Every structure is written in C-alpha cells, then in structure tokens.
There are 2 protein chains.
Amino acid sequence: MLSHKSKYALKALLALSEEYGNGPLLIAEIAARERIPKRFLELILLELKNQGVLRSRKGKGGGYVLNKPPDLLSVGHVLRMLEGPLAPLPCVSKTAYEKCVECHDERTCGIRLLMKEVRDATAAILDSTTFADVINRSRANRRGERALTYSI
Amino acid sequence: MLSHKSKYALKALLALSEEYGNGPLLIAEIAARERIPKRFLELILLELKNQGVLRSRKGKGGGYVLNKPPDLLSVGHVLRMLEGPLAPLPCVSKTAYEKCVECHDERTCGIRLLMKEVRDATAAILDSTTFADVINRSRANRRGERALTYSI
DNA sequence: ATTTACTCTATCGTTTCAATAGACTAAATC
DNA sequence: GATTTAGTCTATTGAAACGATAGAGTAAAT
C-alpha cells in the first residue's frame with residue numbers, strides 16, 4: 001500500500017502537470033483542488049523540490065512548477081523517491097539491491113524468483129508511464145464515459 | 001516492500017510444503033533450516049494456524065503441518081492475510097475496497113486507473129502461484145543451473 | 001515597506017515493526 | 001501418573017514510520 005504522502009504527491013504532480021506551461025501553482029491552490037491537508041502538502045512539495053522534481057518561486061506570482069515537462073517524468077521515478085524500491089524484497093530490487101541475510105542460495109530461492117516476477121511487472125508499468133500519459137488516459141476515460149452516457 | 005514477518009512466513013510455508021506428507025515439522029527445525037529467529041517464527045506460525053493455513057500437534061512427535069496440500073495454497077492468499085490487500089491504493093482493491101475521501105471522481109482518476117493496472121498485474125501473478133508452483137520453479141531453476149554448469 | 005508565499009525545524013500522538021520474555025498448557029512416552 | 005517435549009498465549013519493549021500540526025523565518029514582488 002502507498003502511504004498517503006505518496007498518493008498526495010502523485011495527485012499534486014498530476015495537477016502541476018495539467019497546468020504545465022501556465023505559470024506556477026500555489027500550494028493552497030493545489031491543496032484545495034485535490035483536497036489535501038495544506039500544511040502536509042507543503043512538506044511533500046518541499047521534498048519533491050529538494051529531489052529536483054519541482055521548482056518554486058516565492059512572493060507574489062510565486063508557487064510551484066514542474067522542473068521538466070510531464071512527458072519526461074515517470075511515476076516510477078517519483079514513487080522510488082518517496083517510497084523506496086518498487087521491489088517487494090530487497091534481493092530483487094534493481095535500484096536498491098540488498099542480500100537477504102538468512103538466504104542460503106539466492107539463485108534458487110523460490111520466493112525470490114516469484115517476487116522478481118512481481119517487481120518486473122510493477123516496474124514495467126510504473127517506469128513506462130509518465131504524468132503526461134496519466135493525464136491522457138484520464139481524458140480518454142472521461143471521453144469514453146461521456147460516449148457511453150450519450151449512447152444510452 | 002514485504003515485512004520480514006511476511007518473508008519469514010513464506011519461507012516457513014515453503015519448507016512445510018516441501019515436507020508435506022512426511023509428518024509435522026518442529027518450529028525449531030524450520031527456524032534452523034530457514035535461519036529465522038525462533039521466537040518470532042512461533043508468533044508467525046501461530047497466526048497462520050489461527051487463520052486456518054496450518055495445523056499443529058503438541059508433545060513428542062508434534063509440530064506444524066500444512067492444513068491443505070501445497071498446490072491448493074496460493075501465495076496471494078497468504079500475503080493478503082499477513083499484509084492486507086495487494087492493491088497499492090484502497091480504491092483499487094477487490095478484496096478490501098475503500099473510497100479515497102479526497103477523490104472527486106473515482107471513475108476518471110488517473111492515479112487510480114494506473115494503480116488498478118499495477119494491482120491487476122500483481123494479483124494475476126500472486127493469486128495464480130501456489131506453493132507447489134514455487135517449489136517446482138525453484139527445482140527447475142536448480143536443474144537449469146546445473147545443466148548450465150555442466151555445459152561450460 | 002509591506003504583502004505574499006514558500007522554507008525550515010520541531011513536535012506530537014498513534015501505529016507498526018521486529019523481536020524478546022515468561023508463564024502456561026496439551027500430548028506423548030516411560 | 002510423572003516427566004519431558006513442544007506448542008500457546010499475553011505482555012512488553014525499543015525503534016522507526018505515519019500523518020499530520022505549529023511557528024518562526026526568509027525571499028521576492030509590488
């Protein structure tokens with residue numbers, strides 16, 4: 001399960017992606033739009049800024065902006081930043097590999113082979129999906145729903 | 001990431017699956033074989049017993065036994081028991097659905113659509129894999145390794 | 001100078017994690 | 001039926017993470 005923090009982060013980044021090119025967004029604006037506790041969101045955006053995902057400007061006309069276009073920012077990248085490795089076990093992580101101290105033989109450990117499958121499936125989805133993709137799929141879905149509604 | 005508890009549980013169940021049909025296994029025996037802290041393993045096996053996955057017998061010749069054959073016990077079933085839903089967000093869980101309080105429109109939420117994909121991929125793997133499968137794949141892998149070694 | 005808005009540090013109550021400990025109880029065996 | 005073997009149950013513990021909340025501070029426009 002994702003933490004609330006990560007979920008909020010994804011929603012905030014999605015809002016910032018939708019607004020990309022239209023100048024900065026206020027924390028307060030994002031908090032209101034996505035119904036996220038404002039003070040908590042501040043911390044989250046600050047962390048994303050320190051990690052290089054966001055840029056900010058203080059004072060009037062300030063706010064937060066994506067540091068690069070939404071089609072160059074993958075969900076997997078952000079989640080690894082906030083939650084750590086996508087892998088269910090450290091011994092199958094590509095980005096944060098660690099040996100299981102109790103394991104006799106990693107190469108033939110059945111649990112490991114299975115968890116590697118899970119990791120690969122998860123990473124395939126999350127690393128190939130950018131925030132631009134998320135927006136597009138959401139829009140496609142909205143259109144689909146409307147079409148469905150009209151067709152009744 | 002799985003907790004140590006879950007990892008230990010899977011390894012213990014794997015040991016019990018390998019021994020299925022050969023009478024009960026002692027906690028101490030499993031702990032030694034899989035290098036799991038014995039006292040911690042007691043708690044884990046007790047929980048698995050209370051959940052109906054294991055059966056135990058006290059006294060001499062006692063120990064733990066799987067409650068049903070390893071080809072009828074899926075990894076997904078066990079993990080849900082110990083870790084809760086496989087889904088990254090409660091709003092995409094099939095077994096423990098919950099609405100996100102802050103969400104405006106669940107049907108078009110892009111984050112949700114993406115996480116549903118992840119959930120489905122994960123569940124497809126873990127629900128279709130039994131402990132018998134894990135053993136078989138591990139054995140196949142061992143044979144493969146040996147063959148590879150010989151072929152050099 | 002003043003307002004606006006982000007920045008940083010600290011704190012807090014709760015829960016989970018990963019064990020550890022000890023007393024207890026059931027079941028074989030001798 | 002005493003004794004050993006081995007699982008059962010409750011409690012505790014220390015550390016860390018979770019999910020905020022609070023307040024003082026600082027940079028940048030107007």
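Remember, it's a predicted structure, so these values are computed and weren't measured experimentally. First the proteins, then the strands, lettered A, B, ... as listed; each starts at 1.
- As rounded to whole Å, 18 Å separates atom P of D:dA6 from atom CG of B:Leu46.
- B:Ser56 has a side-chain polar atom (N or O) that falls below the 4.0 Å cut-off from OP1 or OP2 of D:dT8.
- Closest approach of A:Glu34 and B:Glu102 over heavy atoms only: O-CG, 3.4 Å.
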- Hey, mind stepping through B:Asn141 and B:Ser138 against side chain to side chain donor-acceptor pair (under 3.5 Å) and telling me if it holds? CA-CA 5 Å; B:Asn141 204 269; B:Ser138 170; over 6 Å; no
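- Each of B:Leu16, B:Val53, B:Leu25 was compared with B:Tyr64 under the side chain to side chain contact (heavy atoms under 4.5 Å, CB included) criterion, and only B:Leu16 meets it.
- Distance, A:Asn50 CG to C:dC6 P: 15 Å, rounded to whole Å.
- At least one side-chain nitrogen or oxygen of B:Tyr8 sits closer than 4.0 Å to the OP1 or OP2 atom of C:dA19.
- In this structure, A:Lys58 does not reach the D:dT26 phosphate: none of its side-chain N or O atoms is under 4.0 Å from OP1 or OP2.
- Applying the 4.0 Å criterion to OP1 and OP2 of D:dT5, one finds that B:Arg57 has every side-chain N and O outside that range.
- Counting non-hydrogen atoms under 4.0 angstrom, A:Ile27 reaches the backbone sugars and phosphates but no base.
- Between A:Arg39 and A:Lys60, the residue whose closest nucleotide on DNA chain C is further toward the 5' end is A:Lys60.
- Spacing between atom CZ of A:Arg55 and atom P of D:dA28 amounts to 14 Å, rounded to whole angstrom units.
- Computed from coordinates, the B:Lys38 NZ to D:dT8 P distance equals 12 Å when rounded to whole Å.
- A sub-4.0 Å separation between OP1 or OP2 of D:dC18 and a side-chain N or O of A:His4 is absent.
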